[in-house]
2 protein chains.
Amino acid sequence: MLTERQLEIVLSVVYEYIQTGEPAGSRTISKKYLRGSSAATIRNEMADLEDMGYFYQPHTSAGRLPTSKAYRLYVDSIMQRDRPAPAETEKWKREIREQRQGIDIMLSYVSQLLGKATNCVGVAALSALEEVEIQRVSFVRLGGSTVLLLIVLEGGLVHNANIQLPCELSQDILDELGRKISAVACGHPWSQVRDALFTYVLDGLERVWDTCREAVVQIDAILNRRSSRLFVGGARHILSLPDFQDIGKFQTVLSLLEQEQALAEMVERYSIKQGVSVAIGDEISEEMMKDCSLVLVPSAGYGRRTILGLIGPLRMDYEKSIAILEAIAGDLDDSLIN
Amino acid sequence: MLTERQLEIVLSVVYEYIQTGEPAGSRTISKKYLRGSSAATIRNEMADLEDMGYFYQPHTSAGRLPTSKAYRLYVDSIMQRDRPAPAETEKWKREIREQRQGIDIMLSYVSQLLGKATNCVGVAALSALEEVEIQRVSFVRLGGSTVLLLIVLEGGLVHNANIQLPCELSQDILDELGRKISAVACGHPWSQVRDALFTYVLDGLERVWDTCREAVVQIDAILNRRSSRLFVGGARHILSLPDFQDIGKFQTVLSLLEQEQALAEMVERYSIKQGVSVAIGDEISEEMMKDCSLVLVPSAGYGRRTILGLIGPLRMDYEKSIAILEAIAGDLDDSLIN
DNA sequence: GTTAGCACTCTCCTTAGATGAGTGCCAACT
DNA sequence: AGTTGGCACTCATCTAAGGAGAGTGCTAAC
């Protein structure tokens, strides 16, 4: 549907705009990218391409700006090519390896690193935690009928929540309860043991069956409610970009960044099983992202539940960003397996 | 050293600037605040006050802007007065009470609430955690010699970190170790039991004494390294303020907000034992805060270790902000004691 | 010590003209 | 039919100039 030349023009306009930040005119494209065709020819093609929805003009006498349809073409063409790993890969790997104090600290660090390296907002998410193996469940009495529920997942990710049980239990009974649940759940993801535990009669705890059942209900609630964890880092970097000099645009993005839940859902929705996925501007259902692109890559770390991502301007340097994202995702794999 | 009238002028200029955001001129002050004196008189006084360091002029023919010295006077005068509790207090209390899932969730919510209510950045910090009573210490084997250390503090605040022990221990021995340490530490703050545990010989664990000792060292390291926890919320709000239309200023603040450690130290440094403390612009040693004020109030919740705060522009509405901050700090006290 | 008056300064807004990048279209060329 | 050069036209951006307005500093009189 697009001729070879038209495709070249679209890619050139996107590339030129990403590089310079200025709308690209027919003359520029003719001189810098398609020496064989004159500006007038390019001009005619560009008018056609505008009709086809690849470009738009901020005003009549300006050059063309790419629409998300054009970015899509550009990104797809990039994805075909091989990307050389960035030179800093080894350095990053070393730095990440130093963050050994725990998954959360490491992912928080990674999100910041991503932000710094790409001048975008870095995101690191753990998703579908109900699919991660459970390491231990325990309960700590806080006072009254309030109990702290601790769920340790494989790799040392800790979930905790204060819950209310229908009656007061002593710490001994709570320990017993924790042991029994752990015995069943340990080594399996919650989704597998969930049903078993709901019907499981806890030997020796028949007296407090109601309360035990409530505890299981609460575990389920927590793993469903907060089945992902999200880290965002380096929002300051995109403020330097010309694209976000408009305060309103940045405010929109910042509002989204402050909604952990919405962000986590978005990340999960647009990531794919394997490899890099890119969602561009109005391809994203979140209205707030209409001036941004979202680049995501799952990393093999943490039972394949880690997703790294970038949120940046439409005209981000996709090639560089994707290369960096892939490199850091690779570093993370190694670190988390350890 | 300041005459009654000079004081009035300083306070009027600050007040006027806070309300309008425009530099205040002698005529305005004369007409709106000091009807008894003519503009010319005010003008003379203002020139003196400028020499004394209370005002400065953005340019010769503009009105006067308050320096931090003037804001200081204004804030001090406000602190004398009674502040009526905001009408929303009850509503906030109810909303906070709904966040029962844990301390972290509650404080995160409170920081966002603070931000929304005041149009500043809300901050909620837990400080000096080595002074909070320990509820339980336990260890979970993650694989190899990597162990997850879990410290539960009074009220359900969880610290966790992956640590490396010099040799591999079975989960049973780790449980034993956790039990023994808990037995000593439970009910006391770390600072009190720290020394005892360092010299304590753990009965029945003599074989692995080195490893046990290392575990204690790690607990100490964690409670020292991360002896505070910080939540920041609502940064988006200050973007609407005219004071932060200048992207550079906002970027400076955002950079600071993204440095949890530095922020936590600052909060601890400028908060006082009891009551509201206000640090204004260059009174704060952090260069990045030179265009901001920091308002802090300790709340009685969580063993008096909770500090709530606001980061906003120099010309924030101190009276309103402080009233809101105090009200929400009060709400929190009740909620955390429960 | 206080006040009115006045000259002066400096920002901000508006207007107008010049500049330049880029387009759309037409006629001529291959 | 596709391509090209030429040309009129549009529109944002830049600059300069003039006027309005706010506010000051200073002086002389009260």
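We name chains A, B, ... by the order of the sequence lines, and we start the count at 1 in each one.
As rounded to whole Å, 17 Å separates atom C1' of dT24(D) from atom OH of Tyr56(B). To the nearest angstrom, C1' of dA1(D) lies 14 Å from CG of Asp48(A).
Atoms CZ and OG, on Arg72(B) and Ser77(B) in that order, are 11.0 Å from each other to the nearest 0.5 Å. Rounded to the nearest 0.5 angstrom, His237(B) NE2 and Ser255(A) OG are separated by 8.0 Å. Here Ile29(A) contributes atom CD1 and Ser12(A) contributes atom OG; the two are 5.0 Å apart, rounded to the nearest 0.5 Å.
With no hydrogens or angles considered, a side-chain donor-acceptor pair links Tyr33(B) and Glu16(B) at under 3.5 Å. Judged by distance alone, the side chains of Arg236(A) and Thr252(B) never bring a donor and an acceptor atom under 3.5 Å apart.
Electrostatic pairing of Arg315(A) and Asp243(A) counts as a salt bridge here, judged by a charged N lying under 4.0 Å from a carboxylate O.
Annotation: side chain of Met288(B) is not in contact with side chain of Val253(B) (no heavy-atom distance under 4.5 Å).
Stacking of Lys249(A) on the aromatic ring of Phe244(A) is not recorded, the 6.0 Å distance cut-off and the 45° axial limit not both being met.
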Do nucleotides 2-21 of chain D as a string where each nucleotide becomes B, S or -: B if the base has a protein heavy atom under 4.0 Å, S if just the sugar-phosphate does, - if no protein is that close. -SBBB---BBS---------
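Extent of DNA chain C lying under 4.0 Å from chain B heavy atoms, first and last nucleotide in 5' to 3' order, is dT2(C) to dT11(C).
At the heavy-atom level, Arg64(A) lies under 4.0 Å from the strands shown only through sugar-phosphate atoms.
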